[in-house]
Structures are given as structure tokens and as C-alpha cells.
Amino acid sequence: MSDALNPRPVNLIDENSHLKKEESPFKLFVSRFTRNKPATFGFILFCVLLIVCIAAALITTYSPTKQSLSQALQPPSEKHIFGTDYLGRDLGARLLYGGRLSLTIGFLAVALGLVIGIPLGALSGYYGGWIDIVLQRIADILLSFPSFLLALTLVAILGVGVKNVVISVGILAIPSFMRLIRGSVLSIREMLYTEAAQCIGATNNRIIFKHILPNAMAPVIIQASLNMGYAISTAAGLGFLGLGVPPGTPEWGMMLGEAKNYLFSHPHIVTFAGIAIFLAIVSLNLIGDGLRDALDPRLKNLAVK
């Protein structure tokens with residue numbers, strides 16, 4: 001009788017056990033990213049490029065700089081899978097070792113843009129006032145120049161070399177990260193948890209680096225992947241003009257520049273380096289698109305199929 005008057009409450013969580021276990025943010029991100037087939041393909045492709053370039057010494061026994069004029073301009077063959085260039089250097093070895101340098105330049109240039117652009121953008125957005133005006137005018141000046149022309153100017157001032165190419169290309173990435181972080185900080189600093197941190201006496205540095213920046217990194221990650229592709233293409237353009245790495249250094253852009261005179265007579269010298277640059281940039285763009293979709297806050301409440 002008492003059971004009839006006091007019916008046992010229904011445990012909705014038990015009946016819907018799939019609601020008990022909520023996916024972690026990382027698992028949810030991975031699930032969304034892997035559902036994007038082009039992004040997954042781009043990630044796999046970029047990983048393959050990265051691995052084969054890192055393992056160049058294990059893949060080929062040829063030196064990327066050893067010359068053999070007697071074997072110059074050979075087409076692809078069993079001995080030289082990608083052929084040889086006008087100095088008899090193995091193109092396969094130069095592609096692999098050149099990929100190391102091209103990808104390294106891309107990584108370091110974007111890292112430089114992040115290290116400088118993120119703090120400046122955070123200061124600009126959080127403090128406002130004259131700090132914001134000065135920093136944004138600097139960003140306007142950098143953005144007013146055509147990017148490649150600015151890179152050419154910086155290399156002309158700094159000189160040829162890997163370090164100078166990284167600095168020149170990295171400076172191009174700074175204003176985009178500054179603007180991106182500034183916009184995020186302007187919205188996040190008005191959130192309740194930021195005001196709560198101010199009320200309990202947290203310092204400005206703690207609020208910026210502990211509460212604001214960690215919540216503003218999603219768009220930065222997306223922008224970094226896209227900027228890396230642009231950094232690789234810019235560095236390759238400088239190398240093509242002979243203003244990147246020192247002559248003879250295996251680098252994809254330099255390889256294109258050295259082979260431009262043999263474009264019609266021996267197209268294989270240009271083709272493989274061009275394909276390598278194309279694949280690297282396409283893979284990074286696909287990854288960037290996938291990151292955008294996976295990290296988009298508007299998709300957080302959508303069920304994962």
C-alpha cells in the first residue's frame with residue numbers, strides 16, 4: 001500500500017545511460033575533426049610529408065649536395081627515382097632534405113608570429129587606450145604593404161640566410177595574430193568570470209594569461225595552421241628569386257629557382273618540387289578548415305553522429 005502511495009521515482013539517468021557519460025572536450029574535438037574527411041586526409045598527408053622529410057637519411061643514401069656532372073639532367077629512373085638536376089644532384093634527396101628546411105622555416109616563422117603577436121594583441125585588447133591605438137597603428141602599417149613585397153624588403157635589409165627568412169616571414173604573421181587576439185580579448189574581458197577574477201583581486205597579468213588567453217586560443221590555432229601554409233609559400237617565393245637560403249642549399253623554392261631555365265627541356269626538375277609545395281600548402285589548408293569546424297563554438301551543442 002505504501003509503495004502505491006509513494007511510487008519509486010524513475011531514474012531517468014539509468015534509463016538514458018548514454019547521457020551519463022559526457023564526452024571530454026578533447027574526444028569531442030577529435031570526433032568532429034575526424035568526421036571531416038578532407039581535413040583527415042590533409043592531416044594524414046601532412047604527417048606523411050613530415051615523416052618522410054624527418055627520416056630522409058633513412059630513405060635515401062644520396063647526398064643532397066653531392067655533384068656529378070656526368071649524370072646531370074637524367075630523367076627519373078631506377079637509380080634516381082626523381083632524376084637529377086643540372087649539376088647531377090639526386091632530386092629525391094634534395095626534395096626530402098629540402099622539405100626539412102621548408103617545413104622548419106614555416107614552423108619557426110609562425111612560432112615567431114605567435115610569440116610576438118599574442119602578447120601584443122592581448123595587451124592591446126585588455127588595456128585599450130593609447131596602448132591599443134599605438135599597437136593597432138603598427139599593425140595597420142604592416143598590413144598596408146603587400147605581404148610578399150614586405151618580405152622582399154626585409155630580406156633585402158637583413159640579407160640572405162635561413163634566420164633572416166624566418167624573421168622576414170614571421171614578421172608578416174604578427175599583425176594577423178595581433179588583430180585576432182585583440183578581438184577575442186575584447187569580448188572575453190567582459191565575461192562574468194573575468195569580472196569575478198578582478199573582484200577577488202587577481203592581477204592583470206594573471207587575468208590575461210590565466211583566464212583570458214586560454215579561452216582565446218581556438219581561433220589562433222586555426223590561424224596558425226593557415227599561416228604556416230602561407231609561410232611555406234612565401235619562403236619558397238623568396239628562394240625562387242634567390243633571396244632565401246644560400247645558393248646550393250636544398251630548399252623547395254631554391255630548387256624551383258635553379259631549375260627555371262630547364263622548365264621545357266627537362267620539366268621533371270621543376271615538377272616534383274612544385275608538387276611538394278602544393279601538397280604541403282593544400283594539406284595545411286585542409287587541416288585549418290577542419291580545425292575551424294571542430295573548434296567552432298556554435299557547433300558545441302550539436303550531437304555527434
Side-chain angles (χ1 to χ4, degrees), residues 11-55 99-100 102-111 113-115 117-118 121-122 173 176-188 191-193 210-234 236 252 274-305:
N11 193 337
L12 295 178
I13 296 180
D14 289 339
E15 291 184 357
N16 301 278
S17 58
H18 65 281
L19 298 177
K20 293 175 64 177
K21 296 182 179 179
E22 186 177 351
E23 286 187 295
S24 66
F26 178 74
K27 290 183 178 179
L28 194 58
F29 161 76
V30 172
S31 177
R32 288 189 182 129
F33 186 85
T34 53
R35 287 174 59 199
N36 189 324
K37 301 305 181 183
T40 304
F41 171 76
F43 179 76
I44 294 173
L45 178 59
F46 184 75
C47 287
V48 171
L49 287 174
L50 188 63
I51 291 172
V52 297
C53 290
I54 292 175
R100 282 185 181 182
S102 294
L103 295 177
T104 299
I105 291 174
F107 275 121
L108 294 179
V110 172
L114 288 169
V115 169
I118 289 178
S176 62
F177 288 121
M178 283 179 59
R179 289 286 181 85
L180 192 61
I181 284 293
R182 176 182 178 270
S184 298
V185 170
L186 285 174
S187 61
I188 294 175
M191 297 291 184
L192 291 178
Y193 61 83
K210 182 72 175 178
H211 299 285
I212 294 180
L213 284 184
N215 292 289
M217 294 307 294
V220 173
I221 295 172
I222 300 169
Q223 186 67 28
S225 65
L226 298 175
N227 272 20
M228 185 176 170
Y230 180 75
I232 291 173
S233 65
T234 303
W252 289 340
I275 291 175
I277 296 172
F278 170 76
L279 292 178
I281 295 174
V282 167
S283 63
L284 287 166
N285 286 338
L286 291 175
I287 291 172
D289 290 340
L291 290 173
R292 180 197 60 202
D293 295 340
L295 295 173
D296 191 341
R298 291 172 297 179
L299 300 179
K300 286 187 177 180
N301 296 324
L302 295 180
V304 179
K305 294 182 181 180

*What closest approach, in Å, do Ala224 and Leu114 show between heavy atoms, and which atom pair accounts for it?*
CB-CD1, 4.4 Å
*Check: Thr234 side chain, Ala231 main-chain N or O, donor-acceptor pair, under 3.5 Å*: no
_Which atom of His211 lies closest to which atom of Tyr193, heavy atoms considered_ = O-CE1, 3.6 Å
*Interatomic spacing from CE in Met228 to CG in Leu108 - rounded to 0.5 Å*: 9.0 Å
*asked:* Using 0.5 Å steps for rounding, measure from the CD1 atom of Ile232 to the CG atom of Leu284.
replied: 5.0 Å
*Assess whether side-chain contact (heavy atoms from CB on, under 4.5 Å) is satisfied between Val115 and Phe177, documenting all intermediate values.*
CA-CA 10 Å; Val115 169; Phe177 288 121; over 6 Å; no
*Given side-chain contact (heavy atoms from CB on, under 4.5 Å), test Leu291 with Phe29 step by step and report yes or no.*
CA-CA 9 Å; Leu291 290 173; Phe29 161 76; 3.5 Å; yes
*Partner of Val185 under side-chain contact (heavy atoms from CB on, under 4.5 Å), chosen from Ile212, Asn215, Ile118, Leu180*: Ile212
*To the nearest 0.5 Å, how far apart are CZ in Arg292 and CD1 in Ile221?*
15.0 Å
*What distance separates Ile54 CD1 from Leu49 CG, expressed to the nearest 0.5 Å?*
11.0 Å
_I need the minimum non-hydrogen distance between Ala173 and Ser176, along with the two atoms involved._
O-OG, 2.8 Å
*asked:* Return the CG to CD1 distance between Leu213 and Ile181, rounded to the nearest 0.5 Å.
replied: 6.0 Å
*Report yes if the side chains of Asn36 and Leu286 come closer than 4.5 Å at any heavy-atom pair, otherwise no.*
no
*asked:* Tell me the closest heavy-atom pair linking Leu295 and Ala218, and the distance in Å.
replied: CD1-O, 3.8 Å
_Stepwise side-chain contact (heavy atoms from CB on, under 4.5 Å) test for Leu103 and Phe46_ = CA-CA 10 Å; Leu103 295 177; Phe46 184 75; 4.0 Å; yes
*Which pair of non-hydrogen atoms, one from Gly288 and one from Ser225, has the smallest distance, and what is that distance?*
CA-OG, 3.2 Å
*asked:* Closer than 3.5 angstrom, by distance alone: can the side chain of Arg182 be matched with the main-chain N or O of Gly121 as a donor-acceptor pair?
replied: no
*Please check if atom CZ in Phe278 has more than 12 non-hydrogen atoms from other residues, nucleotides or ligands closer than 6.0 Å.*
no
*Please examine the side chains of Met217 and Val220, heavy atoms only from C-beta on, and report whether any two atoms are closer than 4.5 Å.*
yes
_Where Ser283 and Leu45 come nearest, the two heavy atoms and their spacing_ = CB-CD2, 3.9 Å
*Could you tell me whether the side chain of Pro38 reaches within less than 4.5 Å of the side chain of Asp289, counting heavy atoms only?*
no
*Angle class for the Phe43/Phe33 ring planes (parallel below 30°, perpendicular above 60°, tilted otherwise)?*
perpendicular
